[in-house]
Asks: 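The following block contains the structure, expressed as structure tokens.
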Amino acid sequence: RLLPLAFVLACIIVFNVIWLTLRRLDLRHETKAALRSGNLRLVYQPVVELATGRCVGAEALIRWQQRDGSYINPEVFIPVAEQSALIGQISTFVARRACEDLGNLLRTHPEAHLSLNMTAYDVTSGDIVRTLEDTFGRAGVPPTSVWLELTERSLIDFETSCGKLSALRDAGYRIVIDDFGTGYSNLQYLQEMKLDALKIDKSFVDVIGRQTANRSVIETIIELATTLELDIVAEGIETQAQLSFLRQRNVRLGQGYFIARPMELADFVAFYAAWKDGAPEEVTWVA
Ligand code: C2E
Ligand code: MG
Ligand code: MG
Ligand code: MG
């Protein structure tokens, strides 16, 4: 009697695998089309100095808007693109567009930075240094103004990424570990690679202010960054309580909906003008 049941289960599993594979192929196809037809664009989320509110730069975030107006989340299509060389084309697109968008601001404000999200492909297979030189270098943007965000996962191929990362750093670009604390636990790279900053993952910021919060992990990450003399950025700040907590612990930089959401280029340029010397007067910043 169990046999028909096992058969049905097997069929469901096979069907699902086929469906997922097709969906993935389809998504890859659609992403290619989106690249060609200009449906991919960038929005910018301000990064501020937590002590003063001073805007110090922005993170470029990709948006894919479909013809019906709905969005496909980057957390859906980036991992699919990462399984092929398509991700290289996306990263090149992002670098070029961000440079077109903010090159002027970065040239006239060398104290400002632009953060770009990079993937394992970029630090192993792609010719990332050349891509950056061809865009930012040619546009006269100082390499120190370009921060490259890499997740711990993208450093798994340690040997290969080590060489690429030192080439990037030698050229002057800044390296930031994104979503720090959520990757694999081999922290050896922290000692061996020359890094500039750690970005504390939103999940650790989320627990601040909760009744039963266990704050020891976030406090340890802050301590680790301080000991290693790395700059710290906190992501996903959504409440005043989180902002105050991070400020009290001297976390230098942060971003999140409480401060500003990702926005269109024109809105970011206006935001930067208003916040570049500190939070504007009408905003109560001091806690
Ligand atoms: P990420 O680099 O960790 O980016 C932060 C994500 O958190 C962004 O989502 C941002 O919109 C969101 N966020 C920022 N502040 C808050 C907040 O206060 N609350 C909440 N709930 N969310 C907040 P987004 O734009 O959907 O991007 C998701 C991920 O997709 C990024 O995570 C990054 O890994 C990837 N991604 C985005 N753009 C690019 C890109 O241009 N290239 C590559 N390779 N990956 C990208
Ligand atoms: Mg990021
Ligand atoms: Mg992040
Ligand atoms: Mg994150």
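In each ligand, atom 1 is the first atom listed, and ligand 1 is the first ligand listed. Keep in mind that this is a model prediction, so the values were computed, not measured.
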Asks: Using heavy atoms and a threshold below 4.0 Å, how should the contact between Lys202 and ligand 1 be classified: side chain, backbone, both, or neither?
Replies: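 It is the side chain that touches ligand 1; the backbone stays farther off.
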Asks: Tell me, which N, O or S atom in Glu235 is closest to the Mg ion (ligand 3)?
Replies: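 This turns out to be OE1.
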Asks: Does Asp178 bring an N, O or S atom to within less than 2.8 Å of the Mg ion (ligand 2)?
Replies: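 Yes, within the cut-off.
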Asks: I'd like to know if Arg261 contacts ligand 1, where contact means a heavy-atom distance under 4.0 Å to any ligand atom.
Replies: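 Contact absent.
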Asks: With rounding to the nearest 0.5 angstrom, report the CD to CG distance, Glu30 to Asn39.
Replies: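 Rounded to the nearest 0.5 Å, the CD-CG separation comes out at 10.5 Å.
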Asks: Just wondering, is there an N, O or S atom on Glu149 that's nearer than 2.8 Å to the Mg ion (ligand 3)?
Replies: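 Given the 2.8 Å cut-off, Glu149 does not count as a ligand of the Mg ion (ligand 3).
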Asks: Quick one, Tyr121 and Leu86 - any side-chain contact, counting heavy atoms below 4.5 Å?
Replies: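 No, side chains not in contact.
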Asks: I need the contact type for Asn73 against ligand 1. Using non-hydrogen atoms and a strict under-4.0 Å cut-off, is it side chain, backbone, both or neither?
Replies: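 Just the side chain.
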Asks: Using a distance threshold of 2.8 Å, state whether an N, O or S atom of Ser115 lies below it from the Mg ion (ligand 2).
Replies: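 No.
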Asks: Do Lys276 and Glu111 meet the salt-bridge criterion of a basic N to acidic O distance under 4.0 Å?
Replies: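 The answer is no: the pair does not qualify as a salt bridge.
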Asks: Apply side-chain contact (heavy atoms from CB on, under 4.5 Å) to residues Trp285 and Ile259 and explain how you reach the verdict.
Replies: CA-CA 10 Å; Trp285 190 258; Ile259 301 155; 3.9 Å; yes
Asks: Salt bridge check, Arg130 against Glu133: does any charged N sit closer than 4.0 Å to a carboxylate O?
Replies: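 The answer is no: the pair does not qualify as a salt bridge.
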Asks: Is any N or O atom of Ile62, backbone or side chain, closer than 3.5 Å to an N or O atom of ligand 1?
Replies: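 Among all N and O atoms of Ile62, at least one is under 3.5 Å from an N or O of ligand 1.
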Asks: State whether Asp179 contributes an N/O/S atom found under 2.8 Å from the Mg ion (ligand 3).
Replies: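 It does; at least one qualifying atom falls short of 2.8 Å.
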Asks: Can you tell me if Arg63 has a non-hydrogen atom under 4.0 Å from ligand 1?
Replies: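 True for this residue.
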Asks: Between Glu238 and ligand 1, does any nitrogen or oxygen pair lie at a separation below 3.5 Å?
Replies: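 N/O-N/O distance below 3.5 Å exists for this pair.
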Asks: For Leu42 and Ala98, work out which heavy atoms get closest and say how close.
Replies: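 Closest pair (atom of Leu42, atom of Ala98, distance): CD1-N, 3.6 Å.
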Asks: Out of all atoms in ligand 1, which are within 4.0 Å of some heavy atom of Gln45? Include the element for each.
Replies: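 This gives 14 (C), 15 (N) as the contact atoms.
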Asks: Using a 4.0 Å heavy-atom cut-off, say whether Thr151 meets ligand 1 through its side chain, its backbone, both or neither.
Replies: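 Near ligand 1, Thr151 shows nothing, with every heavy atom at 4.0 Å or more.
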Asks: At their closest point, which heavy atom of Ser84 faces which heavy atom of Arg28, and how far apart are they?
Replies: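 Taking Ser84 first and Arg28 second, the nearest heavy atoms are OG-CD, 3.7 Å.
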Asks: Classify the ring geometry of Phe271 against Phe268: parallel below 30°, tilted from 30° to 60°, perpendicular beyond 60°.
Replies: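 Phe271 vs Phe268 ring planes: parallel.
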Asks: Under 3.5 Å, side chain of Arg107 to main-chain N/O of Ala139, donor-acceptor pair present?
Replies: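 Looks like yes, one N/O pair under 3.5 Å.
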Asks: Looking only at N/O atoms, are Tyr257 and ligand 1 under 3.5 Å apart anywhere?
Replies: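 Between Tyr257 and ligand 1, an N or O pair is found under 3.5 Å apart.
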Asks: I want to know if ligand 1 touches Glu75 in the polar sense, i.e. an N/O pair below 3.5 angstrom.
Replies: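 So ligand 1 has no N or O lying under 3.5 Å from an N or O of Glu75.
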Asks: If I consider every N, O or S atom in Glu59, which one ends up closest to the Mg ion (ligand 2)? I only need its name.
Replies: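 Looking only at N, O and S atoms of Glu59, the one nearest the Mg ion (ligand 2) is named OE2.
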Asks: Where do Phe204 and Ile218 come nearest, in terms of heavy atoms and distance?
Replies: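 That closest heavy-atom pairing would be O-CD1, 3.7 Å.
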Asks: Using a 4.0 Å heavy-atom threshold (strictly under), name the region of Leu61 that reaches ligand 1: side chain, backbone, both or neither.
Replies: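 Both of them.
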Asks: Can we say Arg153 and Asp179 salt-bridge, meaning some charged N sits less than 4.0 Å from an Asp/Glu carboxylate O?
Replies: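 No salt bridge links Arg153 with Asp179.
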Asks: Show the atoms of ligand 1 that are less than 4.0 angstrom away from any heavy atom in Asp178.
Replies: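 Going through ligand 1 atom by atom, the ones under 4.0 Å from Asp178 are 1 (P), 2 (O), 3 (O).
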